[in-house]
Undergrad: 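Once you've had a glance at the structure underneath, I'll fire off some questions.
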Amino acid sequence: MSDIDRDLPLLDDVATARDAGLARILTAASVDEVAAIDADLLGKKGSLALLKTRLGTLSTVDEKKAAGQALNAATQSVTEALATRRIDLARAERAVQLEQERLDLTEELTQPRRGHSHLVTQAWQRLEDVFIGLGFQVAEGPEVETDFYNFEALNMPRSHPARSGFDTLFTDYSGPLAEDGTVLLRTHTSPVQIRVMQTIEPPIYMVMPGRVFRRDTPDATHMPVFHQIEGLVIDRGITMAHLAGTIDAFTKAFFGGAFTSRLRPNYFPFTEPSAEFDIQRPDGSWIELGGCGMVHPNVLRAGGLDPEEWSGFAFGFGIDRMARERHGIDDIRDMYSNDIRFIEQF
Ligand code: PHE
């Protein structure tokens, strides 16, 4: 160090400003922060520019030369440090962005995985298979129904108390196709009985699976949307014995020969007499399955059939419940959670 260097406070200030600048550059966290530091150090009113204005206050040429050189060197090292830091940070920011926006399109192509039907679909299809094996045909009806098909034709006129048992979801349909307030989401598959009777000539041996809706809060055993399968047999001389025999044949075909069934008296407006049917497991325990009975004469009439000529039975039960029974699922909501870890097990 020369005498001049030692005696000049400006040189110290340049070194201090340079070191402080370099330290800030090294810890800058973003490209934007580097730009701000650049302005602070090298801008028109930046710290190095301010030091430059003090060159004029120096008295000798040597002093000016030494201070000028120190300023130039400081400006150069700061400029280089800024450029390096800017490149490093830009590269890091780009890498983060690329990772975030990464779309891996190769995964499924190299390892395609085979899916399978939902467990309710599986139960639905098995039920159809079993009934087809017993000589039934399969039909489906609309999910949005009218009051007439869902209630009226099923022997539940306007003020019938049984209506309140079907927590019904009404649509706000208003138009030429139906009276206001009479268009609803079907609460059971029984309306399809009427549609089938109206369209095909007996003898009828038909099952009608489908989605049904009730105004219910989901819990372990209920969902507001679930599935039923309806059965309808119309022929000459059909009796309750045919109903009991059909339920038992179905039970053994679906669950296996070690299962049996029973009927318990019950009430439905659309069947008379009516019964509840239960299935007994080989261990002796019972599963409540659904409702059934002999088709009520009023229902036959609503379907356009003469009760003096035709008789028949009907039954209906929950498909979701069948799937739950078969797989020992505790909470029915799990079946609709779309959690692949659950669904994959079946
Ligand atoms: N529809 C009835 C229900 O949802 C079940 C049923 C169908 C009962 C056919 C008798 C005959 O509860």
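Everything numeric in this text was worked out from a predicted model, so none of it was measured. Order of listing sets the numbers, starting from 1, for every ligand and every atom in it.
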Undergrad: Distance-only criterion, 3.5 Å: show the donor-acceptor pairs between side-chain atoms of residues 36-47 and protein atoms not counting sequence neighbours.
TA:
residue	atom	partner	partner atom	Å
D38	OD2	R86	NH2	2.9
D40	OD2	R24	NH1	3.0
D40	OD2	R24	NH2	3.1

Undergrad: Parallel, tilted or perpendicular: which fits the ring planes of F277 and F315, with parallel below 30° and perpendicular above 60°?
TA: perpendicular
Undergrad: Only pairs under 3.5 Å count here: list side-chain donor-acceptor contacts from residues 196-212, not counting sequence neighbours, and write none if there are none.
TA:
residue	atom	partner	partner atom	Å
Q198	OE1	Y149	OH	2.7
T199	OG1	R195	O	2.7
T199	OG1	V196	O	3.3
Y205	OH	D235	OD2	2.7

Undergrad: Give me the pairs of N or O atoms, one from ligand 1 and one from the protein, that sit under 3.5 Å apart.
TA:
residue	atom	partner	partner atom	Å
ligand 1	1 (N)	H188	ND1	2.9
ligand 1	1 (N)	S190	OG	2.9
ligand 1	4 (O)	R214	NH2	3.2
ligand 1	4 (O)	Q228	NE2	3.0

Undergrad: Do side-chain atoms of K252 reach the backbone of F259 as a donor and acceptor pair under 3.5 angstrom?
TA: yes
Undergrad: Check the orientation of F136 and F131. Use parallel for under 30°, tilted for 30 to 60°, and perpendicular for over 60°.
TA: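 Because their plane-to-plane angle is over 60°, the rings of F136 and F131 count as perpendicular.
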Undergrad: If you link ILVMFWY side chains whenever their heavy atoms are less than 4.5 Å apart, which other residues fall into the same cluster as L103? By chain and number, please.
TA: none
